[in-house]
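Notes follow the structure.
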Number of protein chains: 2
Amino acid sequence: MPVEEKFEQLRTFYKQILPTLTTEGWAFTESLLSVRQVKKREFIVRQGAVCNHISFVNKGLVKMSYMTEDKEKIISFCNEGNYISDYHSFLTRKPSMLYIQALEDTELVETQYDNLQLLYKKVPEANLLGRLIAEQLFIMMSESDMTAKQETLETRYLLLIKDQPWLLQRVPQYMIASYLGITPEAFSRIKARLVKQKVAA
Amino acid sequence: MPVEEKFEQLRTFYKQILPTLTTEGWAFTESLLSVRQVKKREFIVRQGAVCNHISFVNKGLVKMSYMTEDKEKIISFCNEGNYISDYHSFLTRKPSMLYIQALEDTELVETQYDNLQLLYKKVPEANLLGRLIAEQLFIMMSESDMTAKQETLETRYLLLIKDQPWLLQRVPQYMIASYLGITPEAFSRIKARLVKQKVAA
DNA sequence: ATCTGCCATTAACCCAAATCAAGAATACAG
DNA sequence: CTGTATTCTTGATTTGGGTTAATGGCAGAT
């Protein structure tokens with residue numbers, strides 16, 4: 001695959017949130033991007049280190065998590081076509097509390113912090129882009145937040161089946177359980193309960 | 001109090017996140033602001049309606065909440081010197097899932113959606129401001145998120161006593177309980193437990 | 001093919017918080 | 001000041017998920 005094609009997905013993404021992006025603007029933006037290949041199990045962000053990049057997933061699957069008392073809690077999964085980053089650490093330049101790790105061999109398109117600051121300086125419309133990205137990330141975060149709050153465990157599981165069925169294929173169940181905020185045992189019970197309900201109906 | 005003094009607090013706030021804001025820029029920004037008085041118990045945002053404004057609290061106290069199965073769950077309180085808005089609804093122009101309601105007679109400085117779009121068009125540096133506000137809100141949201149996740153109930157209560165002691169004076173305890181994510185009964189017991197511990201120590 | 005280690009399920013028991021149910025304390029209107 | 005309503009506390013009971021432990025399935029390594 002030629003290098004320039006590696007930015008195709010990201011370009012489509014940008015075009016969606018900023019249709020007025022000029023060819024020159026995009027050309028300069030593209031010059032600041034870099035492609036990175038990470039192997040399964042490799043870390044993209046580690047707890048304790050400042051997150052220096054926003055990463056767009058071209059191909060593959062990653063998880064975002066944190067540790068409490070030696071237990072891993074998964075915050076989210078991120079597959080092709082989405083941004084993943086500890087944006088908090090990225091913005092504040094403070095050490096990350098999180099881990100981001102590849103669950104499959106993954107291809108990322110990365111925007112480095114310093115390059116983005118350069119972009120803001122050089123290309124005036126970049127602040128507009130920066131605003132839109134920040135707003136976009138805010139929207140995504142508050143949406144996942146609301147689903148987490150609104151629904152019961154069972155509803156959230158059913159939602160997951162409906163909205164992200166690929167997760168069930170690509171991710172072991174103990175990770176789904178952690179993502180839902182319960183133990184694998186409890187997750188197993190819920191599934192058994194749902195099967196019994198379906199049989200009864 | 002003269003009208004222009006009503007923007008003093010907000011101006012201080014803006015100067016902090018954007019020290020380079022020019023006098024003209026501020027003058028134009030100010031021309032797009034409006035002051036609004038709301039009575040205790042009055043709603044600032046209602047579930048089902050699009051949130052058309054970002055509100056800066058000049059004086060008073062408001063709460064942000066949502067309903068699940070006829071139970072109210074409080075997300076946050078907001079007092080003098082802070083912004084309150086359903087920023088998600090504001091950005092996406094979709095109906096809000098939330099309620100924002102005054103707990104005391106409150107004075108707000110409001111930025112209307114249409115005015116803000118006008119500002120972005122007329123004042124180039126406003127996109128920078130918009131980016132910084134979005135980033136700021138993202139940072140605040142993810143920080144409250146992390147504390148909520150990391151800490152135990154008791155720790156969160158002790159944190160609240162330390163960081164927002166005024167809440168305990170101004171807000172009934174069943175609201176604090178809802179904010180902490182437990183029933184008033186459980187909250188009462190936690191307090192009793194802490195008192196007993198303190199006596200024992 | 002067998003061994004090994006990881007993952008999923010199931011059961012028994014435990015515990016923190018929810019729920020249900022009275023009271024006690026406080027605030028508030030007339 | 002009195003009566004009413006709201007808020008807070010305390011107790012009894014229930015419940016959902018955690019913990020521990022045993023079992024079975026399956027995949028990859030040798």
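Chain identifiers are assigned alphabetically (A, B, ...) following the order of the sequence lines, protein sequences preceding nucleic acid strands; residue numbering begins at 1 within each chain. Any value given below was found using the heavy atoms of this structure, including those in side chains, with hydrogens, waters and symmetry copies removed.
- Proximity of a side-chain donor or acceptor of Asp105(B) to a complementary backbone N or O of Lys40(B) within less than 3.5 Å is detected.
- With sequence neighbours left out, Tyr120(B) forms a ring-ring contact (aromatic ring centres under 6.0 Å, His included) with no residue at all.
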Subject >> Contact state string [nucleotides 5-19 of chain D, B base, S sugar-phosphate only, - no protein heavy atom under 4.0 Å] >> reply: --SSBBBB----SBB
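- Taking a heavy-atom distance under 4.0 Å as the criterion, the stretch of DNA chain C touched by chain A extends 5' to 3' from dC7(C) to dA12(C).
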Please report, to 0.1 Å, the donor-acceptor pairs under 3.5 Å made by any side chain of residues 175-184 of chain A, with sequence neighbours excluded.
| residue | atom | partner | partner atom | Å |
| --- | --- | --- | --- | --- |
| Ser178(A) | OG | Glu72(A) | O | 3.3 |
| Ser178(A) | OG | Ile74(A) | N | 2.9 |
| Thr183(A) | OG1 | Ala186(A) | N | 3.2 |

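- Each end of the helix from dA1(C)-dT30(D) to dA22(C)-dT9(D) gets its own rotation axis from five pairs of C1' atoms, and the angle between them is 40° to the nearest 10 degrees.
- Lys71(A) meets the side-chain contact (heavy atoms from CB on, under 4.5 Å) test with no other residue; sequence neighbours excluded.
- For the side-chain contact (heavy atoms from CB on, under 4.5 Å) test, no residue two or more places apart in sequence or in another chain qualifies with Asp114(B).
- Residues passing the ring-ring contact (aromatic ring centres under 6.0 Å, His included) test with Phe28(A): none are found, sequence neighbours excluded.
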Please list every donor-acceptor pair under 3.5 Å in which a side-chain atom of residues 132-144 of chain B meets a protein atom from a residue at least two apart or in another chain.
| residue | atom | partner | partner atom | Å |
| --- | --- | --- | --- | --- |
| Glu135(B) | OE2 | Arg131(B) | NH1 | 3.0 |
| Ser142(B) | OG | Phe138(B) | O | 3.0 |
| Ser142(B) | OG | Ile139(B) | O | 3.1 |
| Glu143(B) | OE2 | His88(A) | NE2 | 2.8 |
| Ser144(B) | OG | Met141(B) | O | 3.1 |

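- With sequence neighbours excluded, the residues forming a side-chain contact (heavy atoms from CB on, under 4.5 Å) with Lys59(A) are Glu107(A), listed by chain and number.
- Residue pairs satisfying the salt bridge (Lys or Arg N to Asp or Glu O under 4.0 Å) criterion with at least one member in residues 73-95 of chain A, sequence neighbours excluded, are listed as follows: Glu80(A)-Arg170(A).
- For Phe43(A), the ring-ring contact (aromatic ring centres under 6.0 Å, His included) test picks out Tyr99(A), with sequence neighbours left out.
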